[in-house]
There are 2 protein chains.
Amino acid sequence: MANILDSVKSRIYVSPMTSFETPGKMLRRRGDLREALISAGIELLAEGGLEALSLRRCAARAGVSHAAPAHHFKGVSGLLTAIVARGYEKFTNTMIEEREKTVDEPRARLEAICEGYLRFARENDALFVLMFSPQKLDFEDQDFIQQAEAAYQVLVEGCAPFRHGSAGSRGTEIMIWSLVHGFAVLSRRERKGEADKMVPDIRFEQILPQLSLKWSSKQ
Amino acid sequence: MANILDSVKSRIYVSPMTSFETPGKMLRRRGDLREALISAGIELLAEGGLEALSLRRCAARAGVSHAAPAHHFKGVSGLLTAIVARGYEKFTNTMIEEREKTVDEPRARLEAICEGYLRFARENDALFVLMFSPQKLDFEDQDFIQQAEAAYQVLVEGCAPFRHGSAGSRGTEIMIWSLVHGFAVLSRRERKGEADKMVPDIRFEQILPQLSLKWSSKQ
DNA sequence: AGCACTAACTTGACACTGTCTAGTTGCTCT
DNA sequence: AGAGCAACTAGACAGTGTCAAGTTAGTGCT
């Protein structure tokens with residue numbers, strides 16, 4: 001663990017003012033550093049997990065001083081929120097990608113979306129955790145709200161052909177989302193050795209409540 | 001927010017060496033400070049959320065210096081793990097308490113356990129988040145493992161009369177746990193204004209997959 | 001009783017975090 | 001060409017967890 005973090009912080013900051021590569025263009029174009037900081041954050045997250053992510057480290061990796069991010073984000077929460085928004089974008093794409101790979105049949109599509117959900121959680125562990133972290137995020141951020149809503153919408157569409165109990169398709173959405181999210185969290189916990197073999201080798205399809213999903217006559 | 005944290009840290013540390021109250025007994029008995037630190041942590045958590053919880057603040061509230069906790073816990077993670085273990089104990093009790101309030105019928109008992117799960121999450125917000133936080137906890141800790149396992153066992157027992165699909169009661173456990181945990185997380189998110197009215201006023205009973213829960217002939 | 005031993009605790013230092021302020025640099029517009 | 005301004009640097013601050021060294025009080029041994 002220490003090794004990972006050491007290697008993460010090993011890239012030291014060199015002032016761009018003394019840079020030999022681009023002696024003419026000293027300052028970045030607007031929006032450039034913003035993107036660089038987000039990318040740096042996602043990299044750090046993937047390499048060293050949540051512990052490796054900090055404002056100062058993002059700045060160092062992007063090649064700027066520790067106070068530079070303040071000109072592009074409202075504090076750490078601003079940066080983290082931007083990273084998370086980017087995460088939701090990728091999240092949405094993963095679910096859609098998985099859905100498009102399958103046949104055009106409601107049940108198969110919904111299962112594929114869930115598979116996308118779980119694959120994203122598996123492949124982007126730290127990012128996934130951060131995306132559902134209740135702390136340090138700016139939940140008022142418009143970009144965040146939009147991207148999170150878009151991700152949810154994929155699942156909503158996948159649930160639309162189904163109805164569940166008296167709550168209709170609204171209930172189906174919530175049930176499926178709860179189920180798949182809970183399953184993702186629990187699988188993650190076991191995968192990381194944070195819990196003992198609670199989820200053995202059970203696939204999500206076996207967990208889906210098969211009988212309770214009924215075709216809705218409407219739409 | 002700042003007000004809350006200010007009031008939290010307002011209780012300043014006074015050296016017990018200069019204490020007037022107990023001039024004779026200067027040092028605590030073994031195990032005494034340990035308990036005091038855990039209690040302080042739970043208090044801080046309840047008062048100011050996760051942000052208010054820190055090793056130094058626990059120490060200050062317990063009336064000792066910032067380095068004192070090191071003699072009772074392996075770093076912050078040790079303290080947090082102890083707090084979380086205490087949380088799981090309370091969690092288990094809440095579920096059992098709710099279960100015992102209802103009639104002796106499998107379906108009602110399982111619903112009651114779930115209600116206990118959700119009530120605990122509602123009433124102990126920050127603690128609940130910490131309990132399922134993937135960071136900063138010592139997952140090797142024996143007490144933690146034991147308490148977490150005990151909590152899970154309550155749900156397992158509640159699911160025992162049921163079987164789900166081909167996975168048997170094992171599948172039921174995982175399904176119910178995923179469902180109720182996911183629902184707790186999503187409800188929390190909405191409650192805290194971290195998401196837009198995704199979970200309207202749907203009760204968990206409406207989410208439970210009613211038809212897929214079948215009586216198992218065995219046991 | 002006296003004396004060493006040790007666990008519990010304090011004090012101070014360190015590296016790291018995010019944030020704030022003041023100063024500098026370089027692009028742009030007129 | 002010069003003013004204005006956004007982007008960035010440098011330094012300081014309070015807060016965090018952790019470590020090393022010193023002190024204090026209770027325990028066991030002779």
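Every chain is numbered from 1, with letters handed out A, B, ... down the list of sequences.
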> Could a donor-acceptor pair under 3.5 angstrom be found where the side chain of His66(B) meets the base of dG15(D)?
Replying inline: no

> When the distance from CZ of Arg34(A) to P of dA6(D) is rounded to whole Å, what number comes out?
Replying inline: 17 Å

> So, do Lys90(A) and Asn124(A) sit near enough that their side-chain heavy atoms are less than 4.5 Å apart?
Replying inline: yes

>> Return whichever of Ala68(B) or Ala67(A) has its heavy-atom-nearest nucleotide of DNA chain C closer to the 5' end.
In response: Ala68(B)

>> Please check this pair: side chain of Gln147(B) against backbone of Phe144(B), looking for a donor-acceptor N/O pair closer than 3.5 Å.
In response: no

>> In this structure, how many angstroms lie between the P atom of dT17(C) and the NZ atom of Lys136(A), rounded?
In response: 12 Å

>> Distance check needed: dC16(C) P versus Leu44(A) CG, whole Å only.
In response: 15 Å

>> Looking at Arg109(A) and Glu98(A), is any side-chain nitrogen of the basic one under 4.0 Å from a carboxylate oxygen of the acidic one?
In response: no

> Whole-Å distance between dC27(C) P and Asp32(A) CG?
Replying inline: 14 Å

>> Tell me if the side-chain of Arg56(B) makes a donor-acceptor pair with the base of dG15(D), cut-off 3.5 Å, by modelled atom types.
In response: no

>> Measure CD/Glu51(B) against P/dT17(C) and give the value in whole Å, please.
In response: 18 Å

> Between Arg119(B) and Glu97(B), is there a side-chain N and carboxylate O pair less than 4.0 Å apart?
Replying inline: yes

> Could you state the CG-P distance from Leu55(B) to dT10(C), rounded to the nearest angstrom?
Replying inline: 13 Å

> How close or far is atom P of dT24(D) from atom NE2 of His71(B), stated in whole angstroms?
Replying inline: 15 Å

> Does a side-chain N or O from Ser54(A) land closer than 4.0 Å to OP1 or OP2 of dT17(C), or not?
Replying inline: yes

> Does Arg57(B) make a side-chain N or O approach to OP1 or OP2 of dT16(D) shorter than 4.0 Å?
Replying inline: yes

> Counting only side-chain N and O atoms of His72(A), is one of them less than 4.0 Å from OP1 or OP2 of dC8(D)?
Replying inline: yes

